[in-house]
Amino acid sequence: AVKEGGGSGDPNVNYKLKAAIDYAKDQGMPNDNIVRAIKAAVGDSGSNLKEVVYEGYGPFGTAFLVEVATDNPNRTYQNIKHIFSKHNGNIGAQGSVAWQFVTKGQILVERGSREDLSDLELAAIDAGAEDVRESEEGLEVYTLPLDVQKIKETLIKASAKVARADIIKESSQGIDLSETQKPKVDALFAELENDEDVINVHTSANL
C-alpha cells in the first residue's frame with residue numbers, strides 16, 4: 001500500500017494504506033506492529049518487496065487473481081503454480097483472466113439484531129455508494145475505491161456495525177457452484193490465501 005501510494009506512509013493521503021491499517025486493527029494486530037510495518041515499507045527495509053499479480057484457473061472453469069508481495073518472484077511463482085496444480089487448476093498467462101475483474105471498494109455491515117436495514121442502505125447510497133446488496137448476514141456496500149473510507153465513516157455514524165472495509169476485485173463472470181463442487185474450489189482458495197507471500201485472493205466463484 002505504501003509503495004502504490006508513492007512511498008507515502010500517511011494514511012490520510014494514502015487510501016489503500018488507510019484501508020490496510022483499519023483491516024489490521026479489526027483483526028487485532030497491535031498498533032506497534034502496524035507502525036513498524038509502515039516504517040519498514042517507507043524505509044530501505046521494504047524496498048526489495050515487489051508486488052505481483054498471478055492469474056490462473058481453478059476447477060470447474062473458475063478464474064483466480066492472486067496478489068502477492070515477494071522479495072523472490074521466482075520462488076513465489078513456483079509455489080503458486082504448485083498450489084494450482086495440486087487442486088486441478090493451472091496458472092495462466094498475464095491478462096488471461098484479469099479482464100473480467102473490476103476494482104471496487106467493499107464494506108460489509110453486520111445485521112446483528114436488526115431486521116430493517118433500510119436506513120443504513122439509504123445512508124450508504126446518499127454518501128455515494130454504487131451498489132448495496134442485502135443478505136442474511138447484513139449489507140454488502142460497493143463503492144469507488146477512493147470512497148471506501150468516507151462511506152465507512154458515514155455508516156458508523158448511522159450506528160452500523162462495520163465488519164470489514166476493503167478494496168476488492170469483483171468478477172463480472174460470477175460462477176455458481178454445486179454443493180459437491182464448492183469444497184474443491186474452497187480448498188484451492190484457502191491454500192492460496194495461506195501462502196506466506198499472498199496478500200489477497202480473488203475468484204469468479206460465488207463461494
### Message
A side-chain contact here means heavy atoms from C-beta on lying under 4.5 Å apart; do Val66 and Val53 qualify?
### Response
no

### Side-chain donor-acceptor contact under 3.5 Å, Glu137 with Ser135
yes

### Query
Which atom names give the shortest non-hydrogen contact between Pro11 and Gly9, and what distance separates them?
CD-O, 3.3 Å

### Query
So do Tyr142 and Val132 actually touch side chain to side chain, heavy atoms under 4.5 Å?
no

### Query
Would you call Glu191-Lys86 a salt bridge at under 4.0 Å N-O?
yes

### Task
Flag the pair Lys184 / Phe60 as yes when at least one side-chain heavy-atom distance between them is below 4.5 Å, and no otherwise.
yes

#### Entry: Pairwise distance CG(Leu139) to CD(Glu134) - rounded to 0.5 angstrom
5.5 Å

### Message
Less than 3.5 Å apart, any donor N or O on the side chain of Asp116 or Ser118 sitting next to an acceptor on the other?
### Response
yes

### Message
Do Ile91 and Ile80 make a side-chain contact, defined as non-hydrogen atoms from C-beta onward lying under 4.5 Å apart?
### Response
yes

### Task
Name the orientation class of the two ring planes belonging to Phe64 and Phe84 (parallel below 30°, tilted from 30 to 60°, perpendicular beyond 60°).
perpendicular

### Message
Taking Asp197 first and then Arg75, would you say they form a salt bridge - that is, a charged N and a carboxylate O separated by under 4.0 Å?
### Response
yes

### Message
Could you report the tightest heavy-atom contact between Gly61 and Ile175, atom names first, then the distance?
### Response
O-CD1, 3.2 Å

### Task
Would you confirm whether Glu55, through its side chain, and Val97, through its main-chain N or O, come within 3.5 Å as a donor-acceptor pair?
yes

### Message
Return the CD1 to CG distance between Ile83 and Leu192, rounded to the nearest 0.5 Å.
### Response
5.0 Å

### Message
What's the separation between atom NZ in Lys169 and atom NE2 in His202, rounded to the nearest 0.5 Å?
### Response
6.0 Å

### Query
Are any non-hydrogen side-chain atoms of Pro59 and Leu188 less than 4.5 angstrom apart?
yes

### Query
Does any donor atom in the side chain of Ser204 or Gln173 lie under 3.5 Å from an acceptor atom in the other side chain?
no

### Query
So does Asp131 pair up with Lys104, basic N to acidic O under 4.0 Å?
no

#### Entry: side-chain hydrogen bond (donor to acceptor under 3.5 Å, both in side chains) evaluation trace for Gln100 with Ser171
CA-CA 5 Å; Gln100 65 175 270; Ser171 172; 2.8 Å; yes

### Cluster link Ile125 to Leu146, ILVMFWY, side chain under 4.5 Å
yes

### Message
Please give me the minimum heavy-atom distance between Lys152 and Ile107, naming the atom from each residue.
### Response
N-CD1, 3.7 Å

### Query
For Arg164 and Asp22, what are the C-alpha separation, side-chain angles and deciding distance, and is it a salt bridge (charged side-chain N to carboxylate O under 4.0 Å, His left out)?
CA-CA 8 Å; Arg164 184 167 178 171; Asp22 287 348; over 6 Å; no

### Check against side chain to side chain contact (heavy atoms under 4.5 Å, CB included), Asn31 and Lys25
CA-CA 8 Å; Asn31 195 59; Lys25 287 180 176 177; 3.9 Å; yes

### Summary
The reported gap from CG in Asp119 to CG in Asp126 (rounded to nearest 0.5 angstrom) is 11.0 Å

### Task
Kindly indicate whether the side chain of Val201, heavy atoms from C-beta on, has any atom under 4.5 Å from the side chain of Glu193.
yes

### Summary
Here the pair of heavy atoms bringing Val68 nearest to Val198 is CG1-CG2, 3.9 Å

### Message
I'd like to know if Asp32 and Arg36 make a salt bridge, using a cut-off of under 4.0 Å between side-chain N and carboxylate O.
### Response
no

### Summary
Rounded to the nearest 0.5 Å, the CG atom of Leu17 sits from the OG atom of Ser8 at a distance of 7.0 Å

### Pair Thr76-Thr70, side-chain donor/acceptor within less than 3.5 Å
yes

### Message
Could you check whether any side-chain heavy atom of Ser85 comes within less than 4.5 Å of a side-chain heavy atom of His82, counting everything from C-beta outward?
### Response
no

### Query
With distance as the sole test, does Asp10 use its side chain to make a donor-acceptor pair with the main-chain N or O of Asn12 at under 3.5 Å?
yes

### Query
Does Ile199 offer a backbone N or O that forms a donor-acceptor pair with the side chain of Glu67 under 3.5 Å?
no

### Separation of Lys150 NZ from Asp147 CG (nearest 0.5 Å)
4.0 Å

#### Entry: Contact summary for Pro145 and Ile167, nearest pair of heavy atoms
O-CD1, 3.7 Å

### Query
Do NZ/NE/NH1/NH2 and the carboxylate oxygens of Arg133 and Glu170 come within less than 4.0 Å?
yes

### Query
Does Tyr57 share a hydrophobic cluster with Leu65, counting links as ILVMFWY side-chain heavy atoms below 4.5 Å and allowing steps through other members?
yes

#### Entry: Shortest non-hydrogen contact from Leu155 toward Ala124
CD2-CB, 4.1 Å

### Message
Closer than 3.5 angstrom, by distance alone: can the side chain of Thr203 be matched with the main-chain N or O of Ala63 as a donor-acceptor pair?
### Response
yes

#### Entry: Residue pair Ile151 / Val141, side-chain heavy-atom distance below 4.5 Å
yes

